[in-house]
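Both backbone and side-chain heavy atoms feed into the values below; hydrogens, waters and symmetry mates do not.
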Amino acid sequence: LQLLDDEMAVVSNLTRIPIPRDPENQKITGFIESNYEKKIKLSDFSEVRNYSKRHISRLFKSDLSISIFEYLKLYRIFQATLKLCEKNPETTTQIAFSCGYESLSSFYKDFKAVFSISPKAFKKRMAPGTRR
């Protein structure tokens, strides 16, 4: 995704989703990409990678420099940005819940942490006819 550096008020350190080098961690990111809209627990990854939860967490973080749940959060936020850019997007609330968020306030907090603007402001800037 090439995401609007000039559109963001302040460029965040987390504007890209890291790519795993380890093929085993690619299985974990694949699991996240297939299930991001659901509630995911650390124990779910034990089925993907046959190690303890703690060991899986360490291996993932050493490869990608972020935790599994930070990756999940980024993936959900980036999926939300795609939905916000659609011609006739759902409401921000619908998008938040369809991307796996259980709380609108968590979605707003995470979105703003990544893009330094609210989802509503992002949606307004990305509305057809307003893009630079």
Side-chain angles (χ1 to χ4, degrees):
L1 296 174
Q2 191 172 42
L3 287 174
L4 322 167
D5 288 334
D6 59 327
E7 291 290 321
M8 292 184 274
V10 178
V11 178
S12 169
N13 293 343
L14 298 174
T15 55
R16 291 193 176 93
I17 298 176
I19 299 169
R21 294 179 299 276
D22 181 345
E24 293 298 312
N25 286 330
Q26 290 172 4
K27 292 178 186 175
I28 290 176
T29 58
F31 178 83
I32 289 171
E33 291 164 11
S34 298
N35 296 285
Y36 72 93
E37 72 284 351
K38 301 173 189 167
K39 184 174 182 152
I40 297 177
K41 303 179 303 265
L42 190 54
S43 59
D44 296 330
F45 298 106
S46 297
E47 298 170 21
V48 178
R49 202 164 175 186
N50 199 19
Y51 293 117
S52 72
K53 296 181 284 190
R54 184 179 164 127
H55 192 63
I56 290 169
S57 293
R58 266 191 305 226
L59 292 173
F60 191 89
K61 189 161 187 165
S62 70
D63 186 17
L64 282 89
S65 300
I66 63 172
S67 74
I68 290 173
F69 289 102
E70 288 170 320
Y71 182 93
L72 173 61
K73 183 189 309 182
L74 278 175
Y75 193 81
R76 285 176 170 164
I77 292 299
F78 276 79
Q79 290 303 310
T81 62
L82 294 174
K83 292 180 180 199
L84 288 166
C85 291
E86 290 176 358
K87 187 174 181 179
N88 295 313
E90 302 169 301
T91 67
T92 305
T93 302
Q94 290 169 322
I95 290 170
F97 292 129
S98 72
C99 288
Y101 278 88
E102 296 180 355
S103 152
L104 193 56
S105 63
S106 293
F107 173 67
Y108 267 79
K109 183 182 120 231
D110 291 348
F111 195 97
K112 196 159 185 170
V114 174
F115 292 107
S116 301
I117 60 173
S118 72
K120 207 170 253 187
F122 181 90
K123 183 178 176 179
K124 186 176 181 179
R125 286 189 177 179
M126 294 309 299
T130 61
R131 294 182 198 171
R132 290 184 215 159

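Side chains of Phe60 and Phe45 form no contact here, defined as non-hydrogen atoms less than 4.5 Å apart. In this structure, Ile77 and Tyr101 have side chains that are in contact, with non-hydrogen atoms separated by less than 4.5 Å. Within the 4.5 Å cutoff, the side chain of Asp22 has heavy atoms near those of the Arg49 side chain.
Lys39 and Asp44 make their closest contact through O-OD2, 4.1 Å (heavy atoms, listed as atom of the first residue, atom of the second, distance). For the pair Ser46 and Lys53, the tightest heavy-atom approach, listed with the atom from each and the gap, is OG-CG, 3.7 Å. Residues Ile28 and Val48 approach most closely at N-CG1, 3.9 Å, considering heavy atoms. Taking all atoms of both residues into account, the shortest heavy-atom contact from Pro119 to Leu84 is O-CD1, 4.0 Å. When all heavy atoms of Glu37 and Ser98 are compared, the closest pair comes out as CB-O, 3.2 Å. For the residue pair Ser57 and Ile68, the shortest heavy atom distance occurs at CA-CD1, 4.3 Å.
Every residue meeting the ring pair (Phe, Tyr, Trp, His ring centres under 6.0 Å) condition with Phe111, not counting sequence neighbours, appears here in chain and number order: Phe107, Phe115, Phe122.
Only one option out of Pro18, Ser34, Pro20 pairs with Thr29 in a side chain to side chain contact (heavy atoms under 4.5 Å, CB included); it is Pro20.
A distance of 10.5 Å separates CD of Glu86 from NZ of Lys123, quoted to the nearest 0.5 Å. A distance of 13.0 Å separates NZ in Lys109 from CG in Leu104, rounded to the nearest 0.5 Å. The distance from the CD1 atom of Ile32 to the NZ atom of Lys73 is 12.5 Å, given to the nearest 0.5 Å. Expressed to the nearest 0.5 Å, how far CZ of Arg54 lies from CD1 of Ile56 amounts to 13.0 Å. From Glu33, atom CD reaches atom CZ of Phe78 across 12.5 Å, with rounding to the nearest 0.5 Å. For the atom pair CZ (Phe31) and CG (Asn25), the distance works out to 14.0 Å, reported to the nearest 0.5 Å.
Screening residues 56-67 for salt bridge (charged side-chain N to carboxylate O under 4.0 Å, His left out) gives Arg21-Asp63 as the qualifying pairs, with residues at least two apart or on separate chains.
Side-chain N/O atoms of Ser103 and Ser105 include a donor and acceptor closer than 3.5 Å.
More than 12 heavy atoms of other shown residues, nucleotides or ligands fall within 6.0 angstrom of atom CZ in Phe69. The environment of NZ in Lys83 is crowded: more than 12 heavy-atom neighbours from other residues, nucleotides or ligands sit within 6.0 Å.
No continuous path of ILVMFWY side-chain contacts below 4.5 Å connects Phe97 to Tyr36, so the two sit in separate hydrophobic clusters.
Between Lys27 and Glu24, at least one side-chain N (NZ, or NE/NH1/NH2) sits under 4.0 Å from a carboxylate O, which counts as a salt bridge.
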